[in-house]
Asks: 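Can you keep this structure in mind? I'll have questions shortly.
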Protein chains: 2
Amino acid sequence: MKDRSAEIGAPGPTLRRLALYHHILVRLRQGGREVVSCTRIGQELRLDPTQVRKDIEATGIVGKARIGYDMEPLIASIEEFLGWDNVTEAFLVGAGALGTALMGYEGFQASRLSIVAAFDKDPEKVGRSVHGKEILPLSKFQDLARRMNVHMGIVTVPAASAQEVAAMMVQGGIRAIWNFSPIRLETPEEVIVEDVRLSSSLALLSGRLTRRLRKEREEGAIDDDGNEAGSKAGL
Amino acid sequence: MKDRSAEIGAPGPTLRRLALYHHILVRLRQGGREVVSCTRIGQELRLDPTQVRKDIEATGIVGKARIGYDMEPLIASIEEFLGWDNVTEAFLVGAGALGTALMGYEGFQASRLSIVAAFDKDPEKVGRSVHGKEILPLSKFQDLARRMNVHMGIVTVPAASAQEVAAMMVQGGIRAIWNFSPIRLETPEEVIVEDVRLSSSLALLSGRLTRRLRKEREEGAIDDDGNEAGSKAGL
DNA sequence: TAGATTGTTAATCGATTAACAATC
DNA sequence: TAGATTGTTAATCGATTAACAATC
């Protein structure tokens, strides 16, 4: 009865891990490997083999007991499940540092993401070309998105304009938004939003680092004449 | 007895959300607001107020029943908890598209992250300057990191060299690594690693988008002479 | 055959959400 | 005072991990 509507097909953590498996499998295939077990994949990523199995099961493929999975069908199955079997075309809005980087990023080959156009509201930027693609004015977004049947939008504008850009994307028929801004986008439920929150990621890292360093400083400061009192037996 | 060692102070989700709260609070403060309740923060982010309260509680601050929290101490408390009360200096390795973008990224002001130097192994890049900072050769990393007491490293090199770079960082005394490569870094347990997996994030988005579009196409294809049979009452 | 691995069900774990007394 | 909100404990939920039969 409950339909969160975000949960299509598989839970988020599974989708995310499948991308990691894919990366490893492609590497193993290059090394000439033709079969692979969940145990093996789990070793590479330090994940529980049962978890790997469940994730792979979600893609619908069946393996062979005692052997594992045939490499080619497994990779194909993951690619189909992630939509990486065909090119996904996307429009990017916000040709700043981050947007420009994404346009030139080499890491999207596996996913076959193709950023086919970039838009910016800054007249200074419009007309310039980034990684071989001309930056277009925002006014052309909606018409082009519909005509070219582009369903994915990438938001790399500052927080202040992100909501406005998202609304425009929805108007242009965009169905999935990759959001690099730090705000929560309000969108109709038929639109899928995935947030990349760099500041949250950094918060985790800096929060833990700070606490660790503070703690060590405190421990080291018990004795203040150079002896590091709090440290465990030196390794 | 169990010490996962990653769980210092607060669970990951809490740290991540605190960054979101911080962003909203700063905005509300700019608007002149002097107190704020968890209910209010929750509304902005569509989060359960109880969850917001628990997260805030983790920072150690106490509020006032019926009122909420005083804005200034609350922001200060979050900043202290995340280590955002002081500048964190970081070294970045890999001056490609992504690395360059991070160096010029405007979104790090709140966290007071300062990327003080960038390194690259490509002699072509070494010596050039990016956003006002000269790119240095990898060979200088360890010595500089120790001399300047830099504890955070940012990895924006391709997968193939990421492990090698991480090892070098550890050797240079780096204690926290922000990893943008798609591989799992092997590091001693005193090093904190936070992965930003763009391909996993994209997998989630493209996987769901693909399944949704495929499903709609199937539904729409029941009747193939132009009537969109599967669609719900048009809005 | 022996044993590693799949497929699947059950138990555990941790995070989220609900409930409610205390309070200003 | 009334009622919104904090602080805190209990219940729920979903994801991870463990257990184990089937199998090649």
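Proteins come first, then strands; the chains are lettered A, B, ... in the order of their sequence lines, and each starts at number 1. Values reported hereafter were calculated over all heavy atoms of this structure, with side chains retained and with hydrogens, waters and symmetry mates removed. No experiment lies behind these values; they were computed from the predicted model shown.
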Asks: Report the distance from atom CG of A:Leu47 to atom C1' of D:dA15, rounded to the nearest whole Å.
Replies: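 To the nearest whole Å, that distance equals 13 Å.
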Asks: In residues 19-28 of chain B, what donor-acceptor pairs under 3.5 Å come from side-chain atoms, sequence neighbours left out?
Replies:
from: B:Tyr21; atom 1: OH; to: B:Asp55; atom 2: OD2; distance (Å): 2.6
from: B:His22; atom 1: NE2; to: B:Glu79; atom 2: OE2; distance (Å): 2.7
from: B:Arg27; atom 1: NH2; to: B:Glu44; atom 2: OE1; distance (Å): 3.1

Asks: Sequence neighbours excluded, which residues qualify as side-chain hydrogen bond (donor to acceptor under 3.5 Å, both in side chains) partners of A:Ser181?
Replies: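 Partners of A:Ser181 under the side-chain hydrogen bond (donor to acceptor under 3.5 Å, both in side chains) test: A:Asn179.
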Asks: Distance check, rounded to the nearest 0.5 Å: B:Cys38 atom SG versus B:Leu47 atom CG?
Replies: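 Result: 11.0 Å between the selected atoms.
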Asks: Extract all donor-acceptor atom pairs below 3.5 Å that involve side chains of residues 163-176 of chain A and protein atoms in other chains or at least two apart in sequence.
Replies:
from: A:Gln163; atom 1: OE1; to: A:Glu186; atom 2: N; distance (Å): 2.8
from: A:Gln163; atom 1: NE2; to: A:Glu186; atom 2: O; distance (Å): 3.2
from: A:Arg175; atom 1: NE; to: A:Glu190; atom 2: O; distance (Å): 3.2
from: A:Arg175; atom 1: NH1; to: B:Glu216; atom 2: OE1; distance (Å): 3.1
from: A:Arg175; atom 1: NH1; to: B:Glu216; atom 2: OE2; distance (Å): 3.2
from: A:Arg175; atom 1: NH2; to: A:Glu190; atom 2: O; distance (Å): 3.3
from: A:Arg175; atom 1: NH2; to: B:Glu216; atom 2: OE2; distance (Å): 2.8

Asks: Round to the nearest Å and state the distance from B:Leu15 atom CG to C:dA15 atom P.
Replies: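 Between P of C:dA15 and CG of B:Leu15: 11 Å.
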Asks: Could I get the full list of side-chain contact (heavy atoms from CB on, under 4.5 Å) partners for B:Thr156, not counting sequence neighbours?
Replies: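 Result, side-chain contact (heavy atoms from CB on, under 4.5 Å) vs B:Thr156: B:Leu92, B:Leu98, B:Leu102, B:Ile154, B:Phe180.
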Asks: Please list, chain by chain and in numerical order, all residues satisfying salt bridge (Lys or Arg N to Asp or Glu O under 4.0 Å) with A:Arg29, sequence neighbours excluded.
Replies: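 For A:Arg29 the salt bridge (Lys or Arg N to Asp or Glu O under 4.0 Å) partners, ignoring immediate neighbours, are A:Glu72.
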Asks: Using a cut-off of 4.0 Å between protein heavy atoms and nucleotide atoms, how would you tag nucleotides 18-24 of chain C 5' to 3' with B, S and -?
Replies: B----BB
Asks: Of all residues at least two apart in sequence or in a different chain, which pass the ring pair (Phe, Tyr, Trp, His ring centres under 6.0 Å) check with B:Phe141?
Replies: B:Phe91, B:Phe119
Asks: Mind checking which stems touch DNA chain C? I mean at least 3 consecutive Watson-Crick or G-U pairs, both distances under 3.5 Å.
Replies: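 DNA chain C stems, ordered by first number: C:3-24 with D:3-24.
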Asks: Under the rule for side-chain hydrogen bond (donor to acceptor under 3.5 Å, both in side chains), what residues qualify as partners of B:Thr59, not counting sequence neighbours?
Replies: B:Ser77
Asks: Does B:Arg16 offer a backbone N or O that forms a donor-acceptor pair with the side chain of A:Ser200 under 3.5 Å?
Replies: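 Yes; at least one donor-acceptor contact below 3.5 Å.
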Asks: Please report the distance, rounded to the nearest Å, between CD in A:Glu57 and P in C:dT9.
Replies: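 That distance rounds to 9 Å.
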Asks: Tell me: CG of B:Asp55 to P of C:dA15, nearest whole Å?
Replies: 11 Å
Asks: Could you list all the ring pair (Phe, Tyr, Trp, His ring centres under 6.0 Å) pairs where at least one residue sits in residues 32-80 of chain B, not counting sequence neighbours?
Replies: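 Qualifying pairs, neighbours excluded: none.
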Asks: Between C1' on D:dT6 and CD1 on B:Ile41, what's the gap in Å once rounded to a whole number?
Replies: 13 Å
Asks: Does A:Arg17 reach a base, just sugar-phosphate, or nothing at all? Heavy atoms under 4.0 Å.
Replies: sugar-phosphate
Asks: A:Gln51 has an atom CD; how far is it from atom P of C:dT9, in whole Å?
Replies: 18 Å
Asks: Quick one: label A:Thr14 by what it contacts on the DNA or RNA (base, sugar-phosphate, nothing), any heavy atom closer than 4.0 Å.
Replies: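 Counting heavy atoms under 4.0 Å across all strands, no contact is made by A:Thr14.
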Asks: Among residues 18-38 of chain B, which contact DNA chain C at a heavy-atom distance under 4.0 Å?
Replies: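 Of all residues in residues 18-38 of chain B, none places a heavy atom under 4.0 Å from DNA chain C.
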Asks: Listing request: all ring pair (Phe, Tyr, Trp, His ring centres under 6.0 Å) pairs with a residue in residues 187-218 of chain B, at least two apart in sequence or in separate chains.
Replies: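 Matches after skipping sequence neighbours: none remain.
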Asks: Can you tell me the distance, in whole Å, between the CG atom of B:Asp70 and the C1' atom of D:dT5?
Replies: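 Rounded to the whole Å, the gap is 14 Å.
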